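Everything numeric here is computed off the predicted structure, so don't read it as measured data.
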Amino acid sequence: MELRHLRYFVVVAEEEHMTRAAHRLGIQQPPLSQQIRDLEAELEVQLFDRAPRRIRLNAAGEVFLVEARRLLAQADEAVLHVRKSARGELGRIAVGYTSSAAMHEDVPALLRAFGTRYPLIEMSVQENNTRTLLDAVQAQQLDAAFVRSNVERYPSLRSILLSEEPMVAALPVDHPLAKTTDPIGLDQLRDQPFVLYRQADGPGVQDRLLAACRSAGFAPQVAEDVPRLLSAVTLVAAGRGISVLPQTLRCVLTRNVVYRPLTGDHAFTTPLTLAYRETPTDSPLGRFASLADERRHRWASS
């Protein structure tokens with residue numbers, strides 16, 4: 001039995017007339033009649049009650065019509081899926097992000113836009129630190145990752161710079177510098193105890209912070225050393241020191257932390273980067289990277 005037999009059968013059942021069915025199918029009536037007889041012979045079941053000018057389904061034919069339509073729908077769906085897969089519109093991708101990158105509004109906006117445009121691509125997500133994420137992308141355990149660094153240490157990876165985000169000083173609410181609403185120069189933090197978010201052997205925001213402090217003529221006095229930016233905010237709120245963070249984090253612990261923009265020659269930004277593996281443009285990952293690049297240009301012009 002072939003799919004064409006099922007299609008012929010369904011059309012004959014709907015038309016209840018062999019000549020009209022043949023015209024609808026674009027074939028001659030005698031071959032169509034023979035195909036229906038061959039189908040009945042293969043099934044060893046008569047599907048139609050025949051009259052001189054009409055052919056009508058019998059009880060067995062009614063049952064078979066339901067199954068034939070179901071099988072044809074499944075076949076059509078299989079064809080659609082394989083075509084979507086070939087175009088990179090079906091499949092799955094695994095995406096990671098750091099905790100601070102996930103708080104940037106561009107990240108959830110991009111994930112949502114991708115899910116809307118490609119609803120048949122399954123996406124799994126995970127959070128981790130920068131080095132672990134980039135190592136996982138390089139090892140093909142993840143397809144892509146949103147990080148707060150460049151990927152110069154990973155020459156096999158490609159990247160899209162989504163934005164450069166200004167940094168702000170995070171101060172305990174009772175800190176003397178929190179009394180004013182004025183922006184703060186980095187050199188004003190020279191003698192302050194810093195809460196740093198150091199990541200041994202890995203890139204991240206702290207690379208640019210340390211470089212900016214050196215350009216301002218000092219090295220930070222490290223009071224606490226934490227693995228994540230959100231942990232730094234917590235310790236600032238607890239009065240353990242000050243920190244310098246991407247401005248996205250200004251919404252965190254606002255009752256206990258005051259955020260002030262950096263100003264002057266030593267103010268700096270931190271990148272939001274999508275790092276990903278080399279991939280064909282028509283793969284699910286290629287579609288994701290293309291959408292990220294498309295939205296980057298849109299965000300830059302808005």
Side-chain angles (χ1 to χ4, degrees), residues 1-11 14 25 64-130 132-148 151 154 156-163 248 271-302:
M1 185 188 307
E2 300 178 17
L3 288 176
R4 63 185 175 89
H5 292 129
L6 298 179
R7 292 192 175 95
Y8 291 169
F9 164 74
V10 169
V11 172
E14 290 174 349
L25 290 166
F64 191 64
L65 179 61
V66 174
E67 296 301 320
R69 284 172 169 162
R70 180 179 61 83
L71 291 171
L72 289 172
Q74 288 178 341
D76 290 342
E77 185 177 6
V79 170
L80 179 63
H81 279 199
V82 74
R83 287 174 178 169
K84 285 182 176 290
S85 179
R87 296 195 300 263
E89 298 173 4
L90 179 69
R92 62 178 300 165
I93 59 172
V95 179
Y97 45 70
T98 63
S99 57
S100 67
M103 296 188 68
H104 194 293
E105 61 183 11
D106 291 355
V107 173
L110 178 56
L111 296 179
R112 181 171 184 173
F114 185 76
T116 300
R117 182 174 296 187
Y118 302 106
L120 296 180
I121 297 179
E122 179 183 350
M123 177 184 293
S124 61
V125 296
Q126 64 173 264
E127 178 186 323
N128 218 315
N129 61 55
T130 300
T132 300
L133 291 173
L134 293 180
D135 285 348
V137 175
Q138 182 170 254
Q140 300 188 16
Q141 297 164 347
L142 283 176
D143 294 303
F146 294 95
V147 294
R148 293 284 195 172
V151 296
Y154 296 82
S156 66
L157 300 186
R158 301 188 65 182
S159 65
I160 297 172
L161 178 62
L162 298 174
S163 70
T248 296
L272 175 65
T273 305
L274 176 67
Y276 61 100
R277 296 183 288 103
E278 183 75 34
T279 187
T281 56
D282 59 355
S283 67
L285 176 56
R287 300 288 186 192
F288 187 68
S290 296
L291 181 60
D293 194 48
E294 171 190 321
R295 294 184 71 87
R296 172 181 67 89
H297 288 294
R298 187 184 308 169
W299 290 326
S301 61
S302 60

Item to check | Atom of A144, atom of L285 and distance for their closest heavy-atom approach | outcome: CB-CD1, 4.0 Å
Checklist outcome for this item: Contacts of T248 meeting side-chain hydrogen bond (donor to acceptor under 3.5 Å, both in side chains) (sequence neighbours excluded), chain-then-number -> E165
Checklist entry - Where is the tightest heavy-atom contact between L272 and A101, given as atom of each residue plus distance? => result CD1-CB, 3.8 Å
Checklist entry - L110 and L291: which non-hydrogen atoms are nearest, and at how many Å? => result CD1-CG, 3.8 Å
Next on the checklist: Test side-chain contact (heavy atoms from CB on, under 4.5 Å) on L65 and F9; report intermediate values, then the result.
Outcome noted: CA-CA 8 Å; L65 179 61; F9 164 74; 4.0 Å; yes
Item to check | Member of V95, T98, T273, T130 meeting the side chain to side chain contact (heavy atoms under 4.5 Å, CB included) criterion with F146 | outcome: V95
Checklist entry - Hey, what do you get for CZ (R277) to CG (L142), rounding to the nearest 0.5 Å? => result 9.0 Å
Item to check | Shortest non-hydrogen contact from A292 toward I160 | outcome: CB-CD1, 4.1 Å
Checklist entry - For the atom pair OG1 (T281) and CZ (R287), what is the distance rounded to the nearest 0.5 Å? => result 7.0 Å
Next on the checklist: Please find the pair of heavy atoms, one from V11 and one from L25, that lie closest to each other, and give the distance.
Outcome noted: CG2-CD2, 3.7 Å
Next on the checklist: With side-chain contact (heavy atoms from CB on, under 4.5 Å) as the criterion, how do D106 and H104 come out once you've worked through the C-alpha distance, each side chain's angles and the decisive distance to 0.1 Å?
Outcome noted: CA-CA 5 Å; D106 291 355; H104 194 293; 3.1 Å; yes
Item to check | CZ/R7: more than 12 non-hydrogen atoms of other groups inside 6.0 Å | outcome: yes
Checklist entry - Does T132 use its side chain to pair, donor to acceptor, with the backbone of N129 at less than 3.5 Å? => result no
Next on the checklist: Do D135 and Y154 have side chains that approach each other closer than 4.5 Å (heavy atoms only, starting at C-beta)?
Outcome noted: yes
Next on the checklist: Can you list everything that forms a ring pair (Phe, Tyr, Trp, His ring centres under 6.0 Å) with F114? Sequence neighbours excluded, please.
Outcome noted: Y118, F288
Item to check | Nearest heavy-atom neighbours spanning S100 and R148 | outcome: O-NH2, 3.2 Å
Under 3.5 Å donor-acceptor pairs involving side-chain atoms of residues 119-128, not counting sequence neighbours:
none

